[in-house]
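Working notes for the structure below.
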Protein chains: 2
Amino acid sequence: MKISRKTDYALRALFTLVEHYHRGPVSVRELARRNDVPKRFLEQIMLEMKVKGWVASVMGKQGGYVLAKSPESITVGQVVRHFDGVMSPIACVSVHHYQPCSQEPICRFRRLFLDVRNHASRLLESATLASIYQGKPVRPEEVFALELTGGAGI
Amino acid sequence: MKISRKTDYALRALFTLVEHYHRGPVSVRELARRNDVPKRFLEQIMLEMKVKGWVASVMGKQGGYVLAKSPESITVGQVVRHFDGVMSPIACVSVHHYQPCSQEPICRFRRLFLDVRNHASRLLESATLASIYQGKPVRPEEVFALELTGGAGI
DNA sequence: GTAATATACGACTAAACGAATCGTACATAA
DNA sequence: TTATGTACGATTCGTTTAGTCGTATATTAC
Ligand code: SF4
Ligand code: SF4
């Protein structure tokens, strides 16, 4: 139930690249500074994303990274799955990392985790960099909205 | 985005206790055997749940554990939150484990994680042991249903 | 040409966490 | 009085996370 820092950092950098789409490369130094990410760590991450084909590098002085695909064609789900591996709360309901469990035939609560996975997955896969970039930042109150409406503690 | 084995084991044991509700205690030995959980590990878990007030112990020979509250009053969300701590995919959208992030005022994708959290939380908090116990086990095909309908890979 | 500024790539590390295991003390019913 | 329980603390071990570091290579401004 947790997203790694690597994924978070990757997304921060990607959205900065969306902002600079078709306006030349942005260096890791700049990406790191603007997004408050350790520079050498981000280097690693950018390299991984280059291999994935999401970004392209421009070498040498004045170099940096650019988005290699359109913001419409990269989903947050893809990024999460690549860096965190799994999107399922538990391996017995994972497609890509399925591991069998002896209790499957009788387990009652497995369906609940399946539902959680399905919804999280649908949400993340349908979110492209472009669509998310349109949205506004979260207002502080919104984080507690659920609790205030008599809902759950989270 | 992952549930620990401890939570899974706790839930397995709890549902066995639901099955035996008002029919006397079940020993850890039996709980471990029926649910395929390491016995000494389950001992720890049961003790934690006793402290939480979800189960009560009956000591001595013929002893074991019984449910201390009605199955309607224990939610899966409570169990998940106790053993896994957090239900949020990232700390900046957590109520109980909130940690600030410098990017909050400008972050675009934070809302997405907030949505994931809200839905997962609603699902888990509204699931009581009693309501889940009514359901049927998941059929094998159901795990892949999302992918087959042209949805996401998970 | 060369210095400055970039990416490329592999190796390494410290700390935290997850998933147990172990020893032993105490309780109680048969 | 012993077999079968729970209670509780300590310890272990492997993996993962979140980085750091060294060095090689590429490009351009001067
Ligand atoms: S017990 Fe149920 S939820 Fe847990 S791993 Fe097995 S099948 Fe999945
Ligand atoms: S970058 Fe956005 S999502 Fe990530 S921690 Fe900061 S506010 Fe939260």
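Just so it is clear, the model here is predicted, and its values are computed rather than measured.
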note = What one should report as the nearest heavy-atom pair of A:Glu72 and A:Ala130 is OE2-CB, 3.6 Å
ask   = For DNA chain D, which consecutive runs of 3 or more Watson-Crick or G-U pairs (each distance under 3.5 Å) count as stems?
value = C:1-17 with D:14-30, C:19-30 with D:1-12
message = Within this structure, what is the OG-CD1 distance for the pair B:Ser88 and A:Ile3, rounded to the nearest 0.5 Å?
response = 10.5 Å
task = Can you measure from SG (B:Cys107) to CZ (B:Phe113) and round to the nearest 0.5 angstrom?
result = 8.0 Å
request  = Please determine if a side-chain N or O atom of B:Arg29 lies less than 4.0 Å away from the OP1 or OP2 oxygen of D:dT4.
outcome  = no
message = Can you measure B:Leu47 atom CG to D:dG9 atom C1' for me and round it to whole angstrom units?
response = 11 Å
key: A:Lys50 NZ - C:dT7 C1' separation (whole Å)   = 7 Å
Can you pull every protein N or O that's under 3.5 Å from an N or O on nucleotides 18-20 of chain D?
{"from": "D:dA18", "atom 1": "OP2", "to": "A:Arg5", "atom 2": "N", "distance (Å)": "3.2"}
{"from": "D:dG19", "atom 1": "OP2", "to": "A:Tyr9", "atom 2": "OH", "distance (Å)": "3.0"}
{"from": "D:dT20", "atom 1": "O4", "to": "A:Gln44", "atom 2": "OE1", "distance (Å)": "3.1"}

task = Quickly work out the A:Glu48 CD to C:dA8 C1' distance and round it to whole Å.
result = 13 Å
note = So ring pair (Phe, Tyr, Trp, His ring centres under 6.0 Å) across residues 34-75 of chain B, not counting sequence neighbours, yields B:Tyr9-B:Phe41, B:Trp54-B:His82
task = Measure the distance from CE on A:Met46 to P on C:dA8 and round it to the nearest whole Å.
result = 10 Å
Protein N or O to nucleotides 24-30 of chain D N or O, pairs below 3.5 Å:
{"from": "D:dT27", "atom 1": "O2", "to": "A:Lys61", "atom 2": "N", "distance (Å)": "3.2"}

query = If each of A:Glu43 and B:Val51 is mapped to the nucleotide of DNA chain D with the nearest heavy atom, which maps nearer the 5' terminus, i.e. the 5' end?
reply = B:Val51
key: Spacing of B:Asp36 atom CG relative to C:dA20 atom C1', expressed in whole Å   = 14 Å
message = Could you report the tightest heavy-atom contact between B:Pro25 and B:Val66, atom names first, then the distance?
response = CA-CG1, 3.4 Å
task = Answer yes or no: is there an ion pair linking A:Glu43 with A:Lys39, defined by an N-O contact shorter than 4.0 Å?
result = yes
request  = Mind checking the CD-CZ spacing from B:Glu142 to A:Arg111? Nearest 0.5 Å is all I need.
outcome  = 4.5 Å
query = Nearest heavy-atom pair of A:Pro71 and A:Thr128: which atoms, and what distance?
reply = O-CB, 3.6 Å
query = Which residue pairs satisfy the side-chain hydrogen bond (donor to acceptor under 3.5 Å, both in side chains) criterion with at least one member in residues 23-32 of chain A, sequence neighbours excluded?
reply = A:Glu30-A:Arg33
query = Rounded to the Å, how far apart are A:Met49 CE and C:dT7 P?
reply = 12 Å
query = Between atom CG in B:Leu42 and atom P in D:dC8, what is the gap in whole Å?
reply = 16 Å
query = Does a salt bridge link B:Glu19 with A:Arg108, judged by any charged N lying under 4.0 Å from a carboxylate O?
reply = no
task = Quickly work out the B:Ile45 CD1 to D:dC8 C1' distance and round it to whole Å.
result = 15 Å
Quick one: side chains of residues 10-18 of chain A, donor-acceptor pairs under 3.5 Å with protein atoms, not counting sequence neighbours, listed by atom name and distance.
{"from": "A:Arg12", "atom 1": "NE", "to": "A:Asp8", "atom 2": "OD2", "distance (Å)": "3.4"}
{"from": "A:Arg12", "atom 1": "NH1", "to": "A:Asn35", "atom 2": "O", "distance (Å)": "2.8"}
{"from": "A:Arg12", "atom 1": "NH2", "to": "A:Asp8", "atom 2": "OD2", "distance (Å)": "2.9"}
{"from": "A:Thr16", "atom 1": "OG1", "to": "A:Arg12", "atom 2": "O", "distance (Å)": "3.1"}
{"from": "A:Thr16", "atom 1": "OG1", "to": "A:Asn35", "atom 2": "OD1", "distance (Å)": "3.3"}
{"from": "A:Thr16", "atom 1": "OG1", "to": "A:Asn35", "atom 2": "ND2", "distance (Å)": "2.9"}

request  = Indicate whether OP1 or OP2 belonging to C:dA8 is found under 4.0 Å from a side-chain N or O atom of A:Ser57.
outcome  = yes
